[in-house]
Amino acid sequence: MIHGEPCFIGIHQEPGDLDGPLTIRVESKNEIKDDEIRLKVSEIFDLKDDLMEVYNFLESKSELQPTIEFCRGLRLFKAQDPFECIISSICSANNSIKRWNKSIRQIKEKWGEEFMSSEGVFHSFPSPEILMQVPEHDMEEMELCGGAGEASNYTSNLKSCGVGYRCSYMKETARMAHEEVDILKLGDMDYEDAFKEVSKFPGVGPKVADCILLYGYGMGQAFPVDVWIGRIISALYFQGEEIKPPKARIFGMKEFEEYAGYVQLYLFHYARKSGLMESLRKK
DNA sequence: AACCAGGTAATCG
DNA sequence: CGATTACCTGGT
């Protein structure tokens, strides 16, 4: 997997035993060294350090202390495929979790590479080159196929995955990732430069850019602000006064520094589990 | 059937 | 500049 070959990793931990042992099962056609597996798993699940450093930080801020008991053991999860993360993040904008997950699953099933394992069939996310060539809508696909039958019968096009107007963003981003931008290089840039760079992709605003950098490239200083984080910051730090996303983002980055990503994750989960979210619902 | 949620891009003053 | 609005889809 270090070299890009497919590999399946199953991870199990007894429910309720967050400090208990992790069982890791690996499947691959090729031989893989134990150390490589450990390295990759630990990178994906951010296991390189225990969370004490994060918890010490949360403890030091009175507004954040309550999040700990609701989130203990929760970790940032790093995406394995940067391009999948970029397209997924674009797809998530102005969209529901359920819907954009469904869209991404369909994209993988339709244009990803297929793999078998004992757990069933898997699909990788298609490469930029593949995705940029996918027809946008049923009419385009029909013409490509010679124009036979009803357009609505064609389902090998991006719009059929329910991505809506994000379709053109995704295709153009795929084209740029293939022809103009080295998306692997983003990981070596510093945060500010990487933020400017990913913001060049259509459909990528501040929130999506921060999601890409946080979940796709492990940049922990990113603080993605969606409506919920905006409301939570307003409630916890500004006595409920409305704080607009750009201001909430700057505030979060200054206040939380290299822990901003973890604070965002913990605040969101805390608000959801504690009932704070219900009380903040609309306006 | 009208209305809602959800970030970005375009447009307006 | 800041403020407003169109955009698509699946849900009520």
Side-chain angles (χ1 to χ4, degrees), chain A residues 79 83-110 131 134-141 151-177 180-181 183 186 194-217 219 222-235 238 241-253 260-261 264-265 267-269 271-272 275-283:
Chain A
F83 182 60
E84 172 171 2
C85 184
I86 291 169
I87 298 299
S88 295
S89 300
I90 289 172
C91 194
S92 74
N94 200 23
N95 209 341
S96 73
I97 294 175
K98 192 179 168 190
R99 247 176 49 223
W100 71 259
N101 276 324
K102 186 177 164 195
S103 295
I104 296 303
R105 187 168 60 247
Q106 288 184 7
I107 289 171
K108 294 170 82 160
E109 284 169 3
K110 290 179 186 185
L131 194 63
V134 164
E136 288 211 10
H137 41 256
D138 48 14
M139 287 300 282
E140 185 182 336
E141 185 189 353
S152 57
N153 290 335
Y154 290 84
T155 55
S156 288
N157 57 82
L158 246 196
K159 283 262 175 75
S160 74
C161 300
V163 299
Y165 58 83
R166 301 163 198 83
C167 180
S168 54
Y169 300 158
M170 293 162 120
K171 283 203 58 173
E172 172 63 6
T173 296
R175 191 197 62 73
M176 291 169 69
E180 298 169 5
V181 182
I183 59 173
L186 288 169
F195 184 87
K196 284 179 197 145
E197 199 62 24
V198 295
S199 297
K200 291 177 182 169
F201 292 126
V204 176
K207 193 269 185 179
V208 169
D210 277 332
C211 282
I212 292 170
L213 298 182
L214 180 59
Y215 294 105
Y217 294 92
M219 297 190 183
F223 191 69
V225 176
D226 58 21
V227 293
W228 290 108
I229 292 300
R231 289 167 188 168
I232 293 165
I233 290 295
S234 297
F238 295 90
E241 175 202 348
E242 185 190 357
I243 302 302
K244 300 254 167 46
K247 187 175 171 187
R249 172 171 177 266
I250 297 303
F251 174 82
M253 291 198 305
Q264 196 261 18
L265 180 71
L267 280 177
F268 190 85
H269 189 74
R272 186 188 263 184
L276 174 61
M277 210 167 220
E278 307 311 311
S279 69
L280 297 178
R281 190 167 290 281
K282 68 180 131 187
K283 199 70 191 276

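Predicted model, so just to flag it, every value in this text is computed and none were measured.
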For chain A, the stretch of DNA chain C it reaches, first to last nucleotide, under 4.0 Å of its heavy atoms: C:dC7 to C:dG11
Nucleotide pairing, DNA chain C (Watson-Crick or G-U, distances under 3.5 Å), in dot-bracket with [ ] and |: ||||||||||||
In whole Å, what is the span from the [atom1] atom of [X] to the [atom2] atom of [N]?
| X | N | atom1 | atom2 | value |
| --- | --- | --- | --- | --- |
| A:F223 | B:dG7 | CZ | P | 14 Å |
| A:M170 | B:dG7 | CE | P | 16 Å |
| A:D210 | B:dT8 | CG | C1' | 14 Å |
| A:K200 | B:dT8 | NZ | C1' | 18 Å |
| A:K207 | B:dA9 | NZ | C1' | 17 Å |
| A:R99 | B:dG6 | CZ | C1' | 8 Å |

Step-by-step side chain to side chain contact (heavy atoms under 4.5 Å, CB included) determination, A:I243 to A:F251: CA-CA 10 Å; A:I243 302 302; A:F251 174 82; over 6 Å; no
First of A:K244 and A:K98 reached from the 5' end of DNA chain C, by closest nucleotide: A:K244
pair A:L131-A:I107: side-chain heavy atoms closer than 4.5 Å: yes
Phosphate contact (B:dG7 OP1 or OP2) by A:R249 side-chain N/O below 4.0 Å: no
Phosphate contact (B:dG6 OP1 or OP2) by A:W228 side-chain N/O below 4.0 Å: yes
Nearest heavy atoms of A:S89 and A:C211, plus distance in Å: OG-CB, 4.0 Å
With rounding to the nearest 0.5 Å, note down the distance linking [atom1] in [X] to [atom2] in [Y].
| X | Y | atom1 | atom2 | result |
| --- | --- | --- | --- | --- |
| A:E141 | A:L158 | CD | CG | 10.5 Å |
| A:M277 | A:L267 | CE | CG | 10.5 Å |
| A:S92 | A:R166 | OG | CZ | 8.5 Å |

Side chain A:Y169 and base B:dG7 donor-acceptor under 3.5 Å: no
CE (A:M139) with more than 12 external heavy atoms under 6.0 Å: no
More than 12 heavy atoms of other groups within 6.0 Å of A:K108 NZ: yes
Sugar-phosphate only, base, or nothing, as touched by A:P202 at under 4.0 Å among non-hydrogen atoms: sugar-phosphate
Sugar-phosphate only, base, or nothing, as touched by A:V204 at under 4.0 Å among non-hydrogen atoms: sugar-phosphate
Stepwise side chain to side chain contact (heavy atoms under 4.5 Å, CB included) test for A:M170 and A:V163: CA-CA 9 Å; A:M170 293 162 120; A:V163 299; 3.9 Å; yes
